[in-house]
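Accompanying notes for the structure given below.
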There are 2 protein chains.
Amino acid sequence: MVTIYDIAAKANVSAMTVSRVINNTGKISEKTRAKVKRVMEELNYVPNQTARSLVLQQTKLLFLLITDIMNPFYTTLARGAEDAAKKSGYRLLFGNSDENLEKESDYITTILTARVDGVLVAPAGDPSLPHLESLRRHNVPFVLLDREVPGIACDIVLGDSKDGARRLVEHLIALGHRSIAMVNGSSSISSARLRLQGYQDGLKLNDLPYDERYVYETSFGPLNDLTEMEQWIERMDPLPTAIVAGNNVLAIEVMRLLRDRGIGVPEHMSIVCFDDLGPYSEIEPFLTVAAQQAYQFGYMGMQMLIERIQERGTSLPWKKIVLPADLIIRRSVKDIT
Amino acid sequence: MVTIYDIAAKANVSAMTVSRVINNTGKISEKTRAKVKRVMEELNYVPNQTARSLVLQQTKLLFLLITDIMNPFYTTLARGAEDAAKKSGYRLLFGNSDENLEKESDYITTILTARVDGVLVAPAGDPSLPHLESLRRHNVPFVLLDREVPGIACDIVLGDSKDGARRLVEHLIALGHRSIAMVNGSSSISSARLRLQGYQDGLKLNDLPYDERYVYETSFGPLNDLTEMEQWIERMDPLPTAIVAGNNVLAIEVMRLLRDRGIGVPEHMSIVCFDDLGPYSEIEPFLTVAAQQAYQFGYMGMQMLIERIQERGTSLPWKKIVLPADLIIRRSVKDIT
DNA sequence: TATTTTAAGGTTATCGATAACATTAATCTT
DNA sequence: AAGATTAATGTTATCGATAACCTTAAAATA
């Protein structure tokens, strides 16, 4: 590998002069600048970021930890984060925890050893607290995405989960539904709790009873075992006329399960959910959803993170951004008024 | 930040002893080992990968450069790559070129300065050649994914594009279609060229004429201007009864365009394409596709890359893996026999 | 007992870049 | 013209970890 010293030797200057040319610092005569640049081109010199990071004590690397790389909500979010990072000259590392605390823990280790300058985290849930405390202890700035974690104060970008869920429920009610069930992510995740509350609020505001047998709690993430969900569906007697899914992945899984058992959507069962499906929703505009502004989650979160990094030392108050969800009505709900 | 020296001082040993404890090398008495470990825990020590990389001349970082992070083909591929990387103790950086040579070039710079140990690249196309030459010149091992680039010899994982396209066409023909058009990615991309050939082969094998007015070439990537595609559709007179799309993104865009103009799919136009749609194909099993083994692309590519890195110096012959595509028949094609 | 061997640890140099300080020679000031 | 300033460049120390070599005391061997 060509180093700054190789350049220096060939150009008959000191390494420091080469460094100055590279970084455009100090005073360098036009002649030497040109000479050094020529030699750099000749030898195909590329600076060693590793060495730089060591002395500068910053890597210009940021990290985005998401919980499901197959979920269009997160890939769209990643796009936003990437764009914002690039704009400020940072590079971005991605990690994918699969809603799994152990994988998340591995990534936290990676983050700490790689000495990234900051992290954007969609935490797996409340038990992520020690991971965040670890980041805090090691002075790594971070911004939370989509989920709050009780016990830690920090910058955060949230969706208005309660309101979104309530609107989904009221949409169903407006179309005549009176028996509405819910599949949700783990109650150790703040957004799942709020979506449940929104669901309950929606029922209460319309004088409908809340029956916990009509609520099933599982994981937001890729599900490997659907037998429990199947049993839940069997247990509901009578079947509801509609189901609210806590996110897009759950909606897809429930729908598949229902169809496998001959229960058509939307003919025999209506389904709505949180989060849109990215480009797929264009090919068959099917699911009625409370779409979150995924790109904005990433973009604004990244902006907050970078601001936090740059204002290091000064103590800005923690910021909290709450983005509303848009109700997009398509055809997964049957009008039974 | 706590360093190895802080640990050494507090434990009354030398830095080297601490290093030995961390890496389990050399001979250390149980007593000192325990003492050092205790101090490391007390001070929350985390090794500095930056310093390590500098002296070891390796970062244990790999890079995956894809061309469209919103495309389920690539996110699935990324999952495979991630799993394989993790298995061998490597961390993975992602980049997203958006089928854009300039963005690709930026990522190549990032890759070189970050001194990653190896790269998995889905190149933007034939003009990516200088980028690959740059990697080669700097001795960065790489494996190509999905697309060949004339002029460079290297390890590569490909799909059987020609065969897949031919089978899509013959499927259409079997269902009575005689007038079949094609939207394709740029002819500067090897897989686009092969898909076009497969399309032509399919026609020829069935004694159907090839008419280049029925072929439209654009980009595989996110399209921002659809007017040209619109004009192409208008120009075709009479309209074909079916369209083969070079990939899933194109299929979605064409379908939207057709539907906007009142041409229903599959009632008035049949559509098939390369690459499946990930989870979405489960919610509305609609598009008939030649599904590529996306996960395997990533997994096997990563394995090849890691092998290449580990056998550095020895000169293994270049390997080429060709994965077949699976024809998945759904309901986007109308039977008109 | 004298000599090797080994276990357990320490010292020093190094990776590639940059910050801080030092050195020249030329230019400016009064 | 003598000292002060400045432009242009060089020297040395440093970031945190590890490789390669060195030291010492105890254990093993002849």
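Chain identifiers are assigned alphabetically (A, B, ...) following the order of the sequence lines, protein sequences preceding nucleic acid strands; residue numbering begins at 1 within each chain. Just so we're clear, the structure is a prediction, and the values are computed from it rather than from any experiment.
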With a non-hydrogen cut-off below 4.0 angstrom, is [X] in contact with a base, only sugar-phosphate, or nothing?
| X | result |
| --- | --- |
| Val18(A) | nothing |
| Thr25(A) | nothing |
| Leu56(B) | sugar-phosphate |
| Ser29(B) | sugar-phosphate |
| Ser14(B) | base |

Rounded distance in Å - [atom1] ([X]) to [atom2] ([N]):
| X | N | atom1 | atom2 | answer |
| --- | --- | --- | --- | --- |
| Gln58(A) | dC15(D) | CD | C1' | 13 Å |
| Lys35(B) | dA8(C) | NZ | P | 14 Å |
| Asn23(A) | dA20(C) | CG | C1' | 15 Å |
| Met40(B) | dA17(D) | CE | C1' | 14 Å |
| Asn24(A) | dT18(C) | CG | C1' | 15 Å |
| Asn12(B) | dG9(C) | CG | C1' | 13 Å |
| Ile22(A) | dA17(C) | CD1 | C1' | 8 Å |
| Tyr5(A) | dC15(C) | OH | P | 9 Å |

Do any side-chain nitrogens or oxygens of [X] fall under 4.0 Å of OP1 or OP2 in [N]?
| X | N | value |
| --- | --- | --- |
| Ser19(A) | dT18(C) | yes |
| Thr3(A) | dC15(C) | no |
| Thr17(B) | dA8(C) | no |
| Gln57(B) | dG16(C) | yes |

Within-4.5 Å side-chain heavy-atom neighbours: Asp146(A) and Leu77(A):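 They are not in contact (no side-chain heavy atoms under 4.5 Å apart), so the answer is no.
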
Interface residues of residues 41-55 of chain A with DNA chain D (non-hydrogen, below 4.0 angstrom):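 Those residues whose heavy atoms fall under 4.0 Å from DNA chain D, taken from residues 41-55 of chain A in numerical order, are Leu54(A), Val55(A).
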
All salt bridge (charged side-chain N to carboxylate O under 4.0 Å, His left out) counterparts of Arg38(B), not counting sequence neighbours: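 Arg38(B): salt bridge (charged side-chain N to carboxylate O under 4.0 Å, His left out) contacts with Glu42(B).
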
Check the interface with nucleotides 20-29 of chain D: list each N/O to N/O pair with the protein under 3.5 Å, or write none.
none

Thr76(A) side-chain N/O to Pro72(A) backbone N/O, donor-acceptor pair under 3.5 Å: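 Flag set: sc Thr76(A) to bb Pro72(A) pair under 3.5 Å.
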
Polar contact flag, side-chain donor to acceptor under 3.5 angstrom, Glu99(B)-Ser219(B):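 Glu99(B) vs Ser219(B): no donor-acceptor pair found between side chains.
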
Modelled atom types, side-chain donor and acceptor of Tyr299(A) and Lys87(A), under 3.5 Å: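 Their side chains do contain a donor-acceptor pair, which is all the 3.5 Å distance test asks for.
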
The single option from Leu120(A), Asp155(A), Val119(A), Leu132(A) passing side-chain contact (heavy atoms from CB on, under 4.5 Å) against Leu144(A):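 Per the side-chain contact (heavy atoms from CB on, under 4.5 Å) rule, the option paired with Leu144(A) is Leu132(A), out of Leu120(A), Asp155(A), Val119(A), Leu132(A).
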
Closest nucleotide among dG16(C), dA8(C), dA17(D) to the Lys27(B) side chain: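 Closest of the options to the side chain of Lys27(B): dA8(C).
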
Heavy-atom neighbours of Lys35(A) NZ exceed 12 at 6.0 Å: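 Yes - once you tally the heavy atoms of other residues, nucleotides and ligands closer than 6.0 Å, there are more than 12.
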
Lys103(B) atom NZ, neighbour heavy-atom count above 12 within 6.0 Å: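 Yes, the 6.0 Å shell around NZ holds more than 12 heavy atoms from other groups.
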
Qualifying salt bridge (charged side-chain N to carboxylate O under 4.0 Å, His left out) pairs with a residue from residues 312-323 of chain B, counting only residues at least two apart or across chains: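 Applying salt bridge (charged side-chain N to carboxylate O under 4.0 Å, His left out) to every pair that reaches into residues 312-323 of chain B, excluding sequence neighbours, yields Glu148(B)-Lys320(B), Glu307(B)-Lys319(B).
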
Residue pairs, two or more places apart or on separate chains, that pass salt bridge (charged side-chain N to carboxylate O under 4.0 Å, His left out) and touch residues 50-72 of chain A: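 Listed once each, the pairs would be none.
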
Ring center gap for Phe63(A) and Phe142(A) short of 6.0 angstrom: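 No.
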
Helix axis bend for the helix from dT1(C)-dA30(D) to dT30(C)-dA1(D) - C1'-based end axes, five pairs, 10° rounding: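 Inter-axis angle at the termini of the helix from dT1(C)-dA30(D) to dT30(C)-dA1(D): 50°.
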
Minimal non-hydrogen separation, Ser191(B) against Phe220(B), with atom names: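 Shortest heavy-atom separation between Ser191(B) and Phe220(B) comes out as OG-CE1, 4.1 Å.
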
Pair Thr59(A)-Gln49(A), side-chain hydrogen bond (donor to acceptor under 3.5 Å, both in side chains): steps then yes or no: CA-CA 8 Å; Thr59(A) 54; Gln49(A) 184 59 44; over 6 Å; no

